[in-house]
**Student:** 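Dropping a structure here in structure tokens format, bear with me for questions.
Note that the structure is a prediction, hence the values are computed from the model and not measured. In what follows, chains are A, B, ... by sequence order, proteins preceding strands, each numbered from 1.
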2 protein chains.
Amino acid sequence: MSIAIKISLNEGLYLKEPQDSKLGRKIMQYSIEMIDEFGFEAFTFKKLAQKINSTEASIYRYFENKHLLLLFLVNWYWEWVNYLIGINTMNIANPKEKLKIVVHSIVSASKEDPGVAYVNENKLHNIVISEGNKAYHTKDVDQENSKGFFKSYKALATAVSKVISEVNPNFEYPYTLATNLFEMSNNHIYFAQHLPRLTDVAAHKNKADELETMLNYFVDKLLS
Amino acid sequence: MSIAIKISLNEGLYLKEPQDSKLGRKIMQYSIEMIDEFGFEAFTFKKLAQKINSTEASIYRYFENKHLLLLFLVNWYWEWVNYLIGINTMNIANPKEKLKIVVHSIVSASKEDPGVAYVNENKLHNIVISEGNKAYHTKDVDQENSKGFFKSYKALATAVSKVISEVNPNFEYPYTLATNLFEMSNNHIYFAQHLPRLTDVAAHKNKADELETMLNYFVDKLLS
DNA sequence: TTTAAAATGATAGTATTACTATCATAAATA
DNA sequence: TATTTATGATAGTAATACTATCATTTTAAA
């Protein structure tokens, strides 16, 4: 028996659901690899087409452009994290414990294997870390937002903010803290790797553990 | 009498110092205007050349490409904030008070007028908010970092982290908190404007004041 | 003031990017 | 088997991101 996970995303993000066809899944798999390897700026549909022995035209049948592909991938990751949080905190009554699990899920999502063959969660996580905020730092944010292209991120922020409010109902900034957890998580992994003077997370050791400890410290202090 | 402020930046950021010539200053002034208006992606040297009645070739004599121009502008802003912090906290003995002034300087830097005619600090601040992290989210970070292209940001982070450590010498994450203050400041202004579900800062009211209150709350809680 | 040097303008050209369009063929489905 | 549907092959276009060359203007030195 195998359980197939398919994450449903806003239909405006793609022209044709890539998860439903061989070519579509190849596009996902190899775009993740190539963006991770060469960076989003250097990534083009032409290069991707060559890599997977297809054509530019075929890829354009799935995604309007590479920005929407990035948005699709990033949304996929956010959905995945949200899904994980849901599973991992299921049946946990204690809010504090719940929030610890949330933090752990954010930091370690890429280590859990969902069994989606065409998504390398580790590489996708790297993309979210390095290129993720390009997904919403664009002149078209408002228009894209009105189409629901950031729904997954908002849903995730809302879910986490609820746990935060459970821990401390008087805390005035649950949404801020929620998004800040994601942003910090991404930023400080990136800083530790590339700009170590901007963080206290050491580059050498087990970054994820250190990051998790740090986030938990911030959370505890802020909600006490 | 007039005091001319000239912010010195890493020489690798430009081919020819733009602050020293009429054309150079025009490039700074109008690139700020155009990036703010149309966004970094849509901004090109060709369009800028047309705007200022110059040529692409001439602009390329000042900056290798638009990414380095962005880096230059963002560094300029970081230097400017650092300079302001230095001035504003001068002769303030109490660390807590000092840190409050630091926070205020970060949030309100763009409101202070340095008398640099060719830099609209307000628009530049918008650029830092919307496009700032593209400055260091690139495949060439490591190489650019080794050339000192992020020195200004690091210097700023170091300066703020020192004040943080003055307030609480036992706090283990002074650099993290310092950079987090900048990132939060930028993010939550942006969120309030474009993705309000991601923040507790209200879009309508005086965002800067609200943001400042929020940052002070975070700082106080974390350092208590 | 002349002269040389430096800065800018004018123009052209190239490889790449980001697409769109059309038609043929292969694969899946009814 | 017929017929949608998906993909491939190919071509073409406008814009981008440059580089190169030479003429002209501006500035600074002699």
Side-chain angles (χ1 to χ4, degrees), chain A residues 6 11-31 34-35 37-73 118 131 134-135 138-140 143-144, chain B residues 6 11-31 34-35 37-73 118 131 134-135 138-140 143-144:
Chain A
K6 187 185 148 192
E11 291 187 5
L13 292 168
Y14 50 84
L15 297 169
K16 190 189 297 190
E17 168 64 79
Q19 293 172 109
D20 283 351
S21 77
K22 215 173 166 180
L23 179 60
R25 290 186 291 266
K26 257 182 150 180
I27 290 173
M28 284 182 68
Q29 180 179 351
Y30 289 95
S31 64
M34 294 183 81
I35 294 174
E37 188 173 355
F38 307 114
F40 183 64
E41 273 68 40
F43 169 80
T44 71
F45 279 4
K46 192 171 194 175
K47 290 175 191 166
L48 174 60
Q50 280 161 352
K51 180 100 172 185
I52 64 179
N53 287 312
S54 181
T55 62
E56 253 184 302
S58 297
I59 296 171
Y60 274 106
R61 286 180 187 119
Y62 283 86
F63 294 100
E64 267 183 66
N65 51 54
K66 71 173 180 173
H67 173 246
L68 283 177
L69 170 54
L70 177 67
L71 217 38
F72 180 91
L73 294 176
Y118 50 93
E131 322 282 1
K134 292 172 192 168
T138 157
K139 261 296 163 187
D140 304 321
Q143 208 188 331
E144 292 182 349
Chain B
K6 187 185 149 193
E11 291 187 5
L13 291 168
Y14 50 85
L15 298 170
K16 189 188 299 190
E17 167 66 80
Q19 292 172 109
D20 283 350
S21 77
K22 215 172 166 180
L23 179 61
R25 289 186 292 266
K26 255 180 149 183
I27 290 173
M28 285 183 66
Q29 179 178 351
Y30 288 95
S31 64
M34 293 182 82
I35 295 174
E37 188 174 355
F38 306 114
F40 182 65
E41 272 69 39
F43 169 79
T44 70
F45 279 4
K46 192 170 195 177
K47 290 176 191 165
L48 174 59
Q50 281 162 351
K51 180 101 172 184
I52 63 178
N53 288 312
S54 180
T55 63
E56 251 183 304
S58 297
I59 296 170
Y60 274 106
R61 286 180 185 119
Y62 283 86
F63 293 100
E64 268 184 63
N65 51 54
K66 70 173 181 172
H67 173 248
L68 284 177
L69 170 55
L70 177 67
L71 216 40
F72 180 91
L73 294 175
Y118 50 94
E131 322 282 359
K134 291 171 192 169
T138 157
K139 261 296 163 188
D140 304 321
Q143 209 188 329
E144 293 182 349

**Student:** When you check the phosphate oxygens OP1 and OP2 of D:dT5, does a side-chain N or O of A:Lys16 lie under 4.0 Å from one of them?
**Tutor:**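 No, A:Lys16 has no side-chain N/O under 4.0 Å of OP1/OP2 on D:dT5.
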**Student:** Nearest-Å distance, CG (A:Leu15) to P (D:dT7)?
**Tutor:** 13 Å
**Student:** Take nucleotides 15-21 of chain D nucleotide by nucleotide from the 5' end and write B, S or -, depending on whether a protein heavy atom sits under 4.0 Å from the base, only from the sugar-phosphate, or from neither.
**Tutor:** -SBBBBB
**Student:** Going 5' to 3' through nucleotides 25-30 of chain C, assign each nucleotide B (protein heavy atom under 4.0 Å from a base atom), S (under 4.0 Å only from sugar-phosphate atoms) or - (no protein heavy atom that close).
**Tutor:** ------
**Student:** I'd like to check the ring-ring contact (aromatic ring centres under 6.0 Å, His included) partners of A:Phe38; sequence neighbours left out, ordered by chain and number.
**Tutor:**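 Checked A:Phe38 against ring-ring contact (aromatic ring centres under 6.0 Å, His included); zero matches.
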**Student:** Calculate the interatomic distance between A:His67 atom NE2 and C:dT17 atom C1'; express it in whole Å.
**Tutor:**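 It is 17 Å, rounded to the nearest whole Å.
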**Student:** Using ring-ring contact (aromatic ring centres under 6.0 Å, His included) as the criterion, list what pairs up with B:Phe40, not counting sequence neighbours.
**Tutor:**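 Counting only residues at least two positions away or on another chain, B:Phe40 forms no ring-ring contact (aromatic ring centres under 6.0 Å, His included).
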**Student:** Could you work out, with side chain to side chain contact (heavy atoms under 4.5 Å, CB included) as the rule, every residue matching A:Gln50, not counting sequence neighbours?
**Tutor:** A:Lys46
**Student:** Who passes ring-ring contact (aromatic ring centres under 6.0 Å, His included) against B:Tyr60, sequence neighbours left out?
**Tutor:** B:Phe45
**Student:** Please, which pairs that meet salt bridge (Lys or Arg N to Asp or Glu O under 4.0 Å) have at least one residue in residues 55-69 of chain B, sequence neighbours excluded?
**Tutor:** none
**Student:** Figure out the CD/P separation between B:Glu17 and C:dT8, and round it to whole Å.
**Tutor:**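 My rounded result for the distance is 12 Å.
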**Student:** Is any side-chain nitrogen or oxygen of A:Tyr62 closer than 4.0 Å to OP1 or OP2 of D:dT7?
**Tutor:** yes
**Student:** Any heavy-atom pair between the side chains of A:Glu131 and A:Phe43 that's under 4.5 Å?
**Tutor:** no
**Student:** Roughly, in whole Å, what's the span from CZ in A:Phe38 to P in C:dT16?
**Tutor:** 15 Å
**Student:** Base, sugar-phosphate, or nothing: which does A:Asp20 touch, judged by heavy atoms less than 4.0 Å apart?
**Tutor:** nothing
**Student:** Whole angstroms only, please: what is the OH-P distance between B:Tyr14 and C:dA7?
**Tutor:**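 About 13 Å, once rounded to whole Å.
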**Student:** Among all residues two or more places apart in sequence or in another chain, which pass the side chain to side chain contact (heavy atoms under 4.5 Å, CB included) test with A:Ala57?
**Tutor:**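 Side chain to side chain contact (heavy atoms under 4.5 Å, CB included) check on A:Ala57 returns A:Thr55.
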**Student:** Please determine whether a side-chain nitrogen or oxygen atom of B:Ser54 lies at a distance below 4.0 Å from atom OP1 or OP2 of C:dG9.
**Tutor:** yes
**Student:** Would you please test A:Leu13 and A:Leu69 for side-chain contact (heavy atoms from CB on, under 4.5 Å) and show each step?
**Tutor:** CA-CA 7 Å; A:Leu13 292 168; A:Leu69 170 54; over 6 Å; no
**Student:** Who passes side chain to side chain contact (heavy atoms under 4.5 Å, CB included) against A:Glu11, sequence neighbours left out?
**Tutor:**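 Testing A:Glu11 for side chain to side chain contact (heavy atoms under 4.5 Å, CB included), a comparison that skips the adjacent residues, returns A:Tyr14.
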**Student:** Going by side chain to side chain contact (heavy atoms under 4.5 Å, CB included), name the residues that satisfy it together with B:Lys139, two or more places apart in sequence or in a different chain.
**Tutor:** none
**Student:** If you look only at pairs with a residue in residues 20-31 of chain B, which of them pass as a side-chain hydrogen bond (donor to acceptor under 3.5 Å, both in side chains), with sequence neighbours excluded?
**Tutor:**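 Non-adjacent pairs meeting side-chain hydrogen bond (donor to acceptor under 3.5 Å, both in side chains): B:Lys6-B:Asp20, B:Ser21-B:Tyr62.
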**Student:** Any residue in residues 22-31 of chain A with a heavy atom nearer than 4.0 angstrom to DNA chain C? Just list them by number, or reply none.
**Tutor:** none
